[in-house]
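Written below as structure tokens is the structure these notes are about.
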Number of protein chains: 2
Amino acid sequence: MKVTKEQSTLNKEKILVAASKLYREHGIDGIGIGELSKSVGLTHGGFYRQFPEGKEQLVSEAIARTFDEYCAHWSTKRSAKSIVKGYLSSEHLQNKQDGCPMPTLAADVARAGGAVSETYTDGLRRMLTVISEKKDGDSDHTSEEKAMQMMASMAGALMIARASSDQALAKKFMSSVIKLWNDDTTTA
Amino acid sequence: MKVTKEQSTLNKEKILVAASKLYREHGIDGIGIGELSKSVGLTHGGFYRQFPEGKEQLVSEAIARTFDEYCAHWSTKRSAKSIVKGYLSSEHLQNKQDGCPMPTLAADVARAGGAVSETYTDGLRRMLTVISEKKDGDSDHTSEEKAMQMMASMAGALMIARASSDQALAKKFMSSVIKLWNDDTTTA
DNA sequence: ATTATCTATAGATCTATAGATAATGC
DNA sequence: ATTATCTATAGATCTATAGATAATGC
């Protein structure tokens with residue numbers, strides 16, 4: 001039953017990766033410790049050795065991982081505009097589990113508060129930093145204010161689009177925000 | 001035990017009003033039939049006569065009510081800009097239970113799908129209509145595209161602000177979007 | 001007689017813990 | 001000897017249903 005320390009670390013990794021995806025897909029309350037453990041081939045009893053503080057610890061660590069991953073994805077993009085275009089794509093619309101943690105988890109985090117909210121806030125700051133390092137018009141960086149406007153409008157549009165049962169309406173919300181930043185001429 | 005038909009209708013109203021508020025505050029999975037019934041002084045057994053199709057019916061009807069209420073609130077505002085200002089206020093930030101159903105419920109609805117998503121989509125369309133009837137610069141109405149951009153950016157900013165444990169960061173997200181629409185000079 | 005509500009309960013969850021097990025790592 | 005995991009279980013939920021109750025409304 002006992003496994004090597006290396007395997008044990010690997011098991012914790014597997015739990016975090018699975019949690020990160022499953023929380024984005026089904027919400028923080030949508031997945032229990034039992035189902036999560038089973039999804040990586042473990043039982044739920046052993047979970048509490050890996051996460052002695054229980055579910056809140058798991059959620060915090062999984063959210064930190066999710067922002068790591070998502071910031072790394074943005075880092076590969078050349079400009080803020082290309083981030084917006086990729087964000088508001090039908091690929092991202094249909095794929096919650098590997099997508100941005102804002103439209104999927106922000107409401108859950110607002111309800112959870114505590115350590116979860118602090119980890120999340122740290123992730124938001126990291127996302128802002130990534131955008132602010134992108135070029136914007138003449139400037140070699142994007143202002144914090146504009147980065148915030150972009151994040152809010154992208155996250156809102158994708159979240160609304162996912163809630164809509166009307167695909168045409170969903171696409172209109174997404175393309176309206178793409179257009180907002182394509183037609184934009186300010187360099188704040 | 002049996003009450004008058006009038007009282008019975010009133011009881012259903014009370015359940016819907018309570019559900020509308022509690023869902024915005026705690027999420028759709030955050031309140032059970034038992035707790036909801038108790039909050040209006042009923043037991044959960046009688047719930048299924050009022051809502052024969054169960055929780056999904058309740059959620060759909062409660063969401064329709066929420067949009068009714070929220071659209072009525074917007075209708076009292078003079079301009080699209082005044083809607084934005086009221087939306088991104090600390091009052092709205094702190095008061096989920098009477099606030100807009102986009103930042104609180106859109107992610108839950110995306111997960112729920114089905115009839116809930118259809119009711120929600122209808123509500124989104126009604127919100128668009130209310131904004132589009134507001135003046136915008138020279139024009140006596142606001143374009144659908146601009147209404148969508150406003151809704152997405154407002155909903156995103158408020159949702160992110162509520163998830164943030166840093167109040168200063170929360171306010172910055174909100175004021176960035178207020179500024180986006182105050183500095184705006186286009187009339188699409 | 002009809003029916004709105006209540007009581008009681010079934011069957012599935014959920015988080016968390018206790019103690020057993022068995023392999024690692026000293 | 002230590003410890004990562006498993007088994008079993010406690011105690012709280014959750015949605016939903018069956019049948020009892022008692023007041024309405026014919």
Side-chain angles (χ1 to χ4, degrees), chain A residues 1-20 22-23 25-63 105 108-109 111-116, chain B residues 1-20 22-23 25-63 105 108-109 111-116:
Chain A
M1 290 194 174
K2 188 183 173 186
V3 297
T4 175
K5 197 172 182 183
E6 195 179 18
Q7 181 59 248
S8 162
T9 307
L10 217 132
N11 284 345
K12 188 176 176 185
E13 296 291 305
K14 272 160 66 178
I15 284 181
L16 284 171
V17 168
S20 169
L22 290 169
Y23 286 152
E25 184 77 39
H26 301 108
I28 293 175
D29 290 342
I31 295 292
I33 311 296
E35 194 175 344
L36 174 64
S37 302
K38 195 187 280 179
S39 83
V40 299
L42 297 168
T43 57
H44 65 284
F47 169 86
Y48 292 91
R49 179 163 293 272
Q50 300 274 20
F51 300 92
E53 290 160 51
K55 187 166 181 177
E56 188 175 21
Q57 181 187 358
L58 164 69
V59 173
S60 271
E61 292 190 22
I63 281 177
L105 295 181
D108 284 0
V109 169
R111 289 170 206 139
V116 171
Chain B
M1 291 193 173
K2 189 183 173 188
V3 298
T4 174
K5 197 172 179 182
E6 194 179 17
Q7 180 59 249
S8 162
T9 308
L10 217 131
N11 284 346
K12 189 177 175 185
E13 295 291 306
K14 273 159 65 179
I15 284 180
L16 285 171
V17 169
S20 169
L22 290 169
Y23 286 152
E25 183 77 40
H26 303 108
I28 293 175
D29 290 342
I31 296 292
I33 311 296
E35 194 175 345
L36 174 64
S37 302
K38 195 187 280 180
S39 83
V40 299
L42 297 168
T43 57
H44 65 283
F47 169 86
Y48 292 91
R49 180 163 292 272
Q50 300 274 21
F51 299 93
E53 289 161 52
K55 186 166 182 177
E56 187 175 22
Q57 182 187 357
L58 164 68
V59 172
S60 271
E61 293 190 22
I63 281 176
L105 295 180
D108 285 0
V109 169
R111 289 169 205 141
V116 171

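Naming convention: chains lettered A, B, ... in sequence-line order (proteins, then strands); numbering from 1 in each chain.
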Fill in: A/Val3, nearest nucleotide to its side chain (from C/dC6, D/dT5, C/dT5)
D/dT5

Fill in: Backbone of A/Ser8 reached by a side-chain donor or acceptor of A/Gln50 within 3.5 Å
yes

Discussion item. From C-beta outward on A/Thr43, which listed nucleotide comes closest to its side chain: D/dT7, C/dC6, C/dA16?
Written reply: D/dT7

Worksheet entry | Whole-Å distance separating the CZ atom of A/Phe51 from the P atom of D/dA4 | 13 Å

Worksheet item: For the atom pair CG (B/Leu22) and CD1 (B/Ile31), what is the distance rounded to the nearest 0.5 Å?
Response: 4.5 Å

Worksheet item: From the list C/dT24, D/dT15, D/dT5, which nucleotide is the closest neighbour of the side chain of A/Thr4?
Response: C/dT24

Worksheet item: Which part of the nucleic acid does B/Glu53 contact within heavy-atom distance under 4.0 Å: base, sugar-phosphate only, or nothing?
Response: nothing

Worksheet item: Expressed in angstrom and rounded to an integer, what is the separation of B/Leu36 atom CG from D/dC14 atom P?
Response: 11 Å

Worksheet item: Taking NZ from A/Lys5 and P from D/dT5, how many angstroms apart are they, rounded to a whole number?
Response: 12 Å

Worksheet item: Starting at CG of A/Asp29 and ending at C1' of C/dT13, how long is that distance when rounded to a whole Å?
Response: 13 Å

Worksheet entry | 5' precedence on DNA chain D between A/Asn11 and B/Ile31 (nearest-nucleotide basis) | A/Asn11

Discussion item. Closest-nucleotide mapping onto DNA chain D: is B/Glu6 or A/Gln50 further toward the 5' terminus? I mean the 5' end.
Written reply: A/Gln50

Discussion item. Does a side-chain N or O of A/Arg49 approach OP1 or OP2 of D/dT5 to a distance below 4.0 Å, or not?
Written reply: no

Worksheet item: Should the pair A/Arg111-B/Asp108 be classified as a salt bridge under the 4.0 Å nitrogen-to-oxygen rule?
Response: yes

Discussion item. Less than 4.0 angstrom between a side-chain N/O of A/Gln7 and OP1 or OP2 of D/dT5, yes or no?
Written reply: no

Response to the item:
Separation of D/dT13 atom P from B/His44 atom NE2, nearest Å, is 13 Å

Worksheet item: What is the distance from atom CD of A/Gln57 to atom OH of A/Tyr48, rounded to the nearest 0.5 Å?
Response: 11.0 Å

Worksheet item: So, is B/Ser8 close to the C/dA4 phosphate, meaning a side-chain N or O under 4.0 Å from OP1 or OP2?
Response: no

Practice prompt. Rounded to the nearest angstrom, tell me the gap between atom CD in A/Glu35 and atom C1' in C/dA12.
Written response: 13 Å

Worksheet item: For D/dA8, which nucleotide in any strand shown is its Watson-Crick or wobble partner with both distances under 3.5 Å?
Response: C/dT17

Discussion item. How many whole angstroms separate atom NZ of B/Lys12 from atom P of C/dT5?
Written reply: 11 Å

Item to complete: Can you tell me the pairing partner of C/dA23 across any strand shown, Watson-Crick or G-U wobble, with both distances under 3.5 angstrom?
Response: D/dT2

Worksheet item: Within the structure, does a side-chain N or O atom of A/Tyr48 lie under 4.0 Å from either OP1 or OP2 of C/dA16?
Response: yes

Practice prompt. State the NZ-OG1 distance between A/Lys5 and A/Thr9, to the nearest 0.5 angstrom.
Written response: 7.0 Å

Fill in: Six-ring centre of B/Phe51, B/Lys12 cation under 6.0 angstrom, axis tolerance 45°
yes

Item to complete: Mind calculating the distance between CZ (B/Phe47) and P (C/dT5) to the nearest angstrom?
Response: 12 Å

Discussion item. What's the closest nucleotide to the side chain of B/Lys2 if the choices are D/dT5, C/dT7, D/dA22?
Written reply: D/dA22

Item to complete: Would you mind classifying the nucleic acid contact of B/Gly45 as base, sugar-phosphate or nothing, using non-hydrogen atoms under 4.0 angstrom?
Response: base

